Amino acid sequence: MALDKPYIDIPGTRIFDADMARIGFHLNQFCMSLMKAENRERFRAGERAYMDEWAMSEAQKHAVLDRDYNRMIALGGNIYFLSKIFSSDHISYQSAVATMTGMTQEEYAQMMLEGGRSPEGWLFNPEKTVKPETPQTAGAKITAGVTTSHIPAIGAAIDLGKTEEPYWQPLFAGYEYSKQWIAEQKPDVVLLLYNDHASAFSLDLVPTFAIGSGEVYKPADEGWGPRPVPDVIGHPKLAAHIAQSVIIDGFDLTIVNTMDVDHGLTVPLSLMFGQPEAWPCRIIPFPVNVVLYPPPSGRRCYALGKALRKAVESFDEDLNVQIWGTGGMSHQLQGPRAGLINKAFDNDFIDQLLADPEGLSHKPHVDYVRESGSEGIELVMWLIMRGALNDKVTLKHRFYHVPASNTAVGHLILENS
Ligand code: DHB
Ligand code: FE
């Protein structure tokens with residue numbers, strides 16, 4: 001079942017949705033580059049050569065060279081981005097828009113003077129709608145959920161070959177089962193919930209929920225140089241589909257096409273997949289703000305999980321999708337209370353996550369920070385994962401270990417039985 005697109009048969013109209021934004025990504029990024037005077041000059045000096053610097057399709061380049069705005073729009077361009085082209089040509093919105101109507105500039109200007117285009121014949125006509133055929137395929141499925149802490153020191157231990165040292169050995173032993181399990185499961189895509197730790201997002205921009213719909217993400221340089229791990233390959237088509245579905249369901253995601261991914265995302269990948277040349281599946285990064293108070297509530301996170309499941313399972317391609325919730329458990333990285341570990345809280349949290357996630361989702365933020373430390377609030381991301389699974393799940397693996405750096409490590413593998 002594809003997404004409902006009730007706007008596709010409005011006469012003479014294309015809506016710029018997540019699919020169009022994906023198709024038009026490089027065209028629109030090229031347009032944005034024209035906001036710099038030096039780039040406009042280079043474009044004017046050699047349009048074709050300048051556009052060859054952008055990963056646009058031949059069709060998109062030709063549409064720009066021809067200044068064919070209808071074609072640019074059909075190829076994923078959006079009018080506000082395209083405006084950078086006609087503004088660089090010193091052409092007004094009215095003159096550029098007129099070129100798309102089959103009228104001359106004068107006729108169009110005259111029509112506007114006379115009160116604008118009449119809606120007659122231009123409104124949606126239910127008798128003329130053509131419903132697109134929906135392909136009958138199995139569709140994507142969320143088969144399993146994983147939770148794990150994502151401590152940077154774990155990444156450093158892996159990268160520096162220290163996993164067999166006495167401090168680290170008991171921790172990595174807890175992931176032996178997980179590596180075998182995932183090698184058998186072979187997910188096609190992991191939807192990876194994590195928090196960015198002031199790496200991709202500074203205080204310039206703090207999205208509460210974001211989804212990565214880019215093609216590729218680099219490991220962030222958090223100060224020690226980027227981790228020596230493979231680039232993360234995204235799944236732009238599924239990400240765009242998820243974004244559209246959950247936004248329509250009331251979760252106003254921020255859509256991110258370009259960002260680096262920090263330890264919150266790469267450490268769980270290393271724990272589960274080890275040190276491959278390339279990550280064995282596609283990954284959709286899903287950053288959640290838990291840095292700037294207030295983060296989203298447990299209720300909201302749990303409900304988001306349900307919306308994410310609906311979104312994934314309305315995608316027509318046959319894909320094995322896992323959802324991972326990272327961060328937690330007890331940790332406090334600041335002040336005189338740093339190093340707080342509350343084993344009773346952590347284990348109760350896991351018990352309740354398994355048996356009564358709905359009840360657990362009512363836990364207020366203040367309980368997390370009072371009981372498990374200021375950074376223990378990362379645990380709300382586990383509720384997103386849990387919401388995306390069945391009410392009853394099969395527990396395949398449960399692991400808890402103290403310490404890793406300042407933190408308690410918790411790890412679960414749950415299958416949708
Ligand atoms: C630590 C844990 C984290 O989750 C994190 O994001 C940064 C540091 C730590 O215990 O060192
Ligand atoms: Fe963290």
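In each ligand, atom 1 is the first atom listed, and ligand 1 is the first ligand listed. Keep in mind that this is a model prediction, so the values were computed, not measured.
- Annotation: His197 is in aromatic contact with His150 [ring centroid separation under 6.0 Å].
- Side chain to side chain, His241 and Ser314 meet the donor-acceptor criterion of an N or O pair below 3.5 Å.
- Proximity of the aromatic rings of Phe43 and Phe30 is defined here by a centroid distance below 6.0 angstrom, and this criterion is met.
- Here the heavy atom of the protein found nearest to atom 7 (C) of ligand 1 is Pro152 CD, 3.3 Å.
- Distance alone, capped at 3.5 Å, places no donor-acceptor pair between the Glu317 side chain and the Gly139 backbone.
- Atom CG of residue Asn28 and atom CE of residue Met32 lie 9.0 Å apart, to the nearest 0.5 angstrom.
- Close approach of ligand 1 to His263 (heavy-atom distance below 4.0 Å) involves ligand atoms 5 (C), 6 (O), 7 (C).
- His331 NE2, 3.5 Å is the protein heavy atom nearest to atom 3 (C) of ligand 1.
- For Gln332 (side chain) and Gln334 (main-chain N/O), a donor-acceptor pair under 3.5 Å exists by modelled atom type.
- Contact annotation: His263 places no N, O or S atom under 2.8 Å from the Fe ion (ligand 2).
- Interatomic distance, Ile151 CD1 to Leu171 CG, rounded to the nearest 0.5 Å: 7.0 Å.
- The Fe ion (ligand 2) has no N, O or S atom of His331 inside 2.8 Å of it.
- With the Fe ion (ligand 2) as the vertex, NE2 of His150 and NE2 of His197 span 90° to the nearest 10°.
- Thr147 places a side-chain N or O within 3.5 Å of a backbone atom of Leu412 that can act as its donor or acceptor partner.
- Looking at Glu378, its N, O or S atom nearest to the Fe ion (ligand 2) turns out to be OE2.
- Close approach to Thr407 involves these atoms of ligand 1, each under 4.0 Å from a residue heavy atom: 1 (C), 2 (C), 9 (C), 10 (O).
- Annotation for ligand 1: atoms under 4.0 Å from non-hydrogen atoms of Glu378 are 4 (O), 6 (O).
- Of all the atoms in ligand 1, the ones that sit under 4.0 Å from a non-hydrogen atom of Ser405 are 9 (C), 10 (O), 11 (O).
- When Leu353, Leu193, Leu304 are each tested for a side-chain contact (heavy atoms from CB on, under 4.5 Å) with Leu383, only one passes: Leu353.
- Not close to ligand 1: Glu375, with no non-hydrogen atom less than 4.0 angstrom away.
- The closest approach between Ala153 and ligand 1 stays at or above 4.0 Å for every heavy atom of the residue.
- Under a 4.0 Å criterion applied to the non-hydrogen atoms of Ile151, ligand 1 contributes the atoms 1 (C), 2 (C), 9 (C), 10 (O), 11 (O).
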